[in-house]
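Heads up, the thing below is written out as structure tokens.
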2 protein chains.
Amino acid sequence: MNLKQLSESLGLSQTTVSRALNGYPEVREETRLRVLAAAEAASYTPNAKARRLATGRAMAIGHVMPLTGKEELVNPIFADFIAGAGEVYAREGYDLLLSMVPAEGTEAAYRQMAANASVDAVMVQAPTMDDPRVPLLQELGLPFLVHGRTGAPEGYSWLDVANIRAFRRATELLLDLGHRRIALINGQESLDFARRRRMGFEQAMGARDIAPNPLWMRSDVMTEQYGYRAACEMLDAHDRPTAFLASSIIPAIGIRRAAGERGLRIGKDVSIICHDDSLSYMGNEGTLAPDGPAFTATRSSIRAAGQRCAEILLSLIDDPTQPPIQELWETDLSLGRSTGPAPVG
Amino acid sequence: MNLKQLSESLGLSQTTVSRALNGYPEVREETRLRVLAAAEAASYTPNAKARRLATGRAMAIGHVMPLTGKEELVNPIFADFIAGAGEVYAREGYDLLLSMVPAEGTEAAYRQMAANASVDAVMVQAPTMDDPRVPLLQELGLPFLVHGRTGAPEGYSWLDVANIRAFRRATELLLDLGHRRIALINGQESLDFARRRRMGFEQAMGARDIAPNPLWMRSDVMTEQYGYRAACEMLDAHDRPTAFLASSIIPAIGIRRAAGERGLRIGKDVSIICHDDSLSYMGNEGTLAPDGPAFTATRSSIRAAGQRCAEILLSLIDDPTQPPIQELWETDLSLGRSTGPAPVG
DNA sequence: CCTTCTCTCCAAAGCGCTTTGGGTTGCCCG
DNA sequence: CGGGCAACCCAAAGCGCTTTGGAGAGAAGG
């Protein structure tokens, strides 16, 4: 069933039927109801492909997912972020177009999307300090929203968490617990959030006149093995940290593994604080009596961020001329069982 | 730049230019080269929306991602699976349309996709025993591929791993190590793979005349907390298992946490075998001298499965009349450090 | 009674591509 | 030399929708 058939069956023109269905005012209310009823009865759905061509709108949002590193790792936080964004898109009638490309092909992917207008806007994730995507998308005139910030966070829309404050506060907590030997297991420093978190760490340490040990500051792709290996090396050295600050729950799990293998008790011999994106399957919320959250963590739901990012992006499409929208989210510092007073000696 | 302009600039008809670009034989080679050069020079890209309308092909594959459970969990294995599939789609010029819907909305989502032909085929993930999506998609005439199988795996295409054999073999390994008190931390039994894995476990136990302890057989959404809580309960009982078989590395991490908190050494006091989907950030491959894989595991790369599933699905689109394609993948049983002889006493 | 709006509704022109159904040309062959 | 056949190329008809530019019918106004 298409518009033509539907309009013929109603004895109306395609114009009128189209307008009735799309809520235009040039059609009598009585007629509109008749059209809606007929459409419902015939279970008519406008052909999306035709509509896209006619309107020029793609009714789709592009997410370009770069496969990083030579092993082309897939960041698990994308799943939750996309889930959040996807809900909003679905609700608003937008499709989510996912494009998996090797890191070096991202520019081409965006150019392609802009050239044939296959999306109305794009979401930019995991921005680097000096991310080339920002100027590129501005040049292409494609509306976009950055989840995170670049080094120069002006002139474009973004949503980010207050990384500096989050890690400063986490560090202060460790310091208050008496820890002085604190390791930072960070993400890749090319990513803006990692740099900010390091700054937060350094600020808190500096405020107490403690010089961070450079051997205890690592930065890499945040896998479980990375956390594990880094912790192994540090814990096996004669001079070892009493606390770890990790940029994600994933490497934190690796740190826990390393500690566990060495018979070190978490929250007693070794403390861990991590940033927790509230990943579905890694649930660190546990409020059940005995088992509270496993990790003390700076928390911010990546899923909620995805939802809000989608909302902002859609509003950007509706009015591309509006001034940039920028949102900074505070994190929660939630106490779990992975922190305790620094061991004496 | 569109086809009309390009053809005018070349002094050719749209027909000829279109054919030249699309590799049809009715155009002289010399002309074709001229057209290709001009298109290249003008950086002409055919408008995807127009092409879709004209051809009727969506050049897109649908992935419907149900948000399960009341907390709408996002399964992290989807990220790696989609990454694998996405690579293939990109290579073949297909878009990946991701649709996030609450579990009860999946049927509507598929009907919608079929009705307005917004995708050429769909991928079905995590099938249940008696999955309604199979008959639905057959009714809708939408090509599809199931990753996994339903209870009645006939008459449609699928790709699955040999779950029964995988878990039978894993169980045999534990039995050979002297374990008799083995717990099964399985996925939801409504999912077909979980049932098969249980069967594998039971077969191996039965073959040695050992009756599994029903208290040690759990089945639920495979979160870290689920593994943790199940292990806590079992390990705190006076009668406790010496080995765990887990359906995913995620709950296995929870089991490890529970054991670690109780001072139990993994691979000594407690053995763990899990199924490992080779999730990027959970890398369990580690072949470096001291640290081998953390977990002994039945392994099968979910990413590779995604790639292969995409290839099969695309071939199904090319020829929808071909007989069903069914592929059963064997898993590797890779020894890690989480297994050891059953403790005596 | 005629003009001017306001309501409703319609015919037709796109959107940019693919594809059908021919037309020319030029060459080969009897 | 005329008919037949490739080889090339083209005009035009869609694909199914939106949207522009009216048109007809009453109602309101003078």
Whole-Å distance separating the [atom1] atom of [X] from the [atom2] atom of [N]:
X	N	atom1	atom2	result
B:Leu33	D:dC8	CG	C1'	15 Å
B:Glu30	D:dC8	CD	P	10 Å
B:Arg34	D:dC8	CZ	P	14 Å
A:Leu3	D:dT19	CG	P	12 Å
B:Glu8	D:dA11	CD	C1'	14 Å
B:Arg51	C:dC17	CZ	C1'	8 Å
A:Leu21	D:dG16	CG	P	16 Å
B:Lys4	C:dG16	NZ	C1'	10 Å

- Around A:Glu40, counting heavy atoms of other residues, nucleotides and ligands shown, do more than 12 lie under 6.0 Å from its CD?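 No, CD of A:Glu40 has 12 or fewer neighbouring heavy atoms, counting only those of other groups under 6.0 Å.
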Any idea which heavy atoms bring [X] and [Y] closest together, and the distance?
X	Y	value
B:Asn116	A:Asn47	CB-CA, 4.3 Å
B:Gly155	B:Pro324	C-CG, 3.8 Å
A:Val74	B:Ala83	CG2-CB, 3.4 Å
A:Leu96	A:Gly86	CD2-CA, 4.4 Å

- Message: Is A:Tyr24 close enough to D:dT19 that one of its side-chain N or O atoms is under 4.0 Å from OP1 or OP2 there?
- Response: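 True: A:Tyr24 side-chain N/O within range (under 4.0 Å) of D:dT19 OP1/OP2.
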Show the distances under 3.5 angstrom between N or O atoms of the protein and N or O atoms of nucleotides 9-15 of chain C.
residue, atom, partner, partner atom, Å
C:dC9, OP1, A:Arg28, NH2, 2.9
C:dC9, OP1, A:Thr31, OG1, 2.8
C:dC9, OP2, A:Arg28, N, 3.0
C:dC9, OP2, A:Thr31, OG1, 3.1
C:dC10, OP2, A:Ser13, N, 2.8
C:dC10, OP2, A:Ser13, OG, 3.1
C:dC10, OP2, A:Thr16, OG1, 2.7
C:dC10, N4, A:Arg19, NH1, 2.7
C:dA11, N7, A:Thr15, OG1, 3.4
C:dA11, N6, A:Thr15, OG1, 2.5
C:dA12, N6, A:Thr15, OG1, 3.4

- Message: Can you confirm whether the side chains of A:Ser280 and A:Asp80 place a donor and an acceptor under 3.5 Å from each other?
- Response: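 A:Ser280 vs A:Asp80: donor-acceptor pair found between side chains.
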- Note: contacts of residues 35-45 of chain B with DNA chain D (heavy atom, under 4.0 Å) are none
- Message: Which residue in the set B:Tyr89, B:Tyr94, B:Tyr110, B:Phe144 passes ring pair (Phe, Tyr, Trp, His ring centres under 6.0 Å) when paired with B:His63?
- Response: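 Filter result, single survivor: B:Tyr89.
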- Query: Below 4.5 Å, heavy atoms only, C-beta onward: do A:Gln326 and A:Arg149 meet side chain to side chain?
  - Reply: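 They are not in contact (no side-chain heavy atoms under 4.5 Å apart), so the answer is no.
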- Item | Test side chain to side chain contact (heavy atoms under 4.5 Å, CB included) applied to B:Ile317 and B:Arg57, step by step | CA-CA 10 Å; B:Ile317 293 174; B:Arg57 303 185 60 176; 3.8 Å; yes
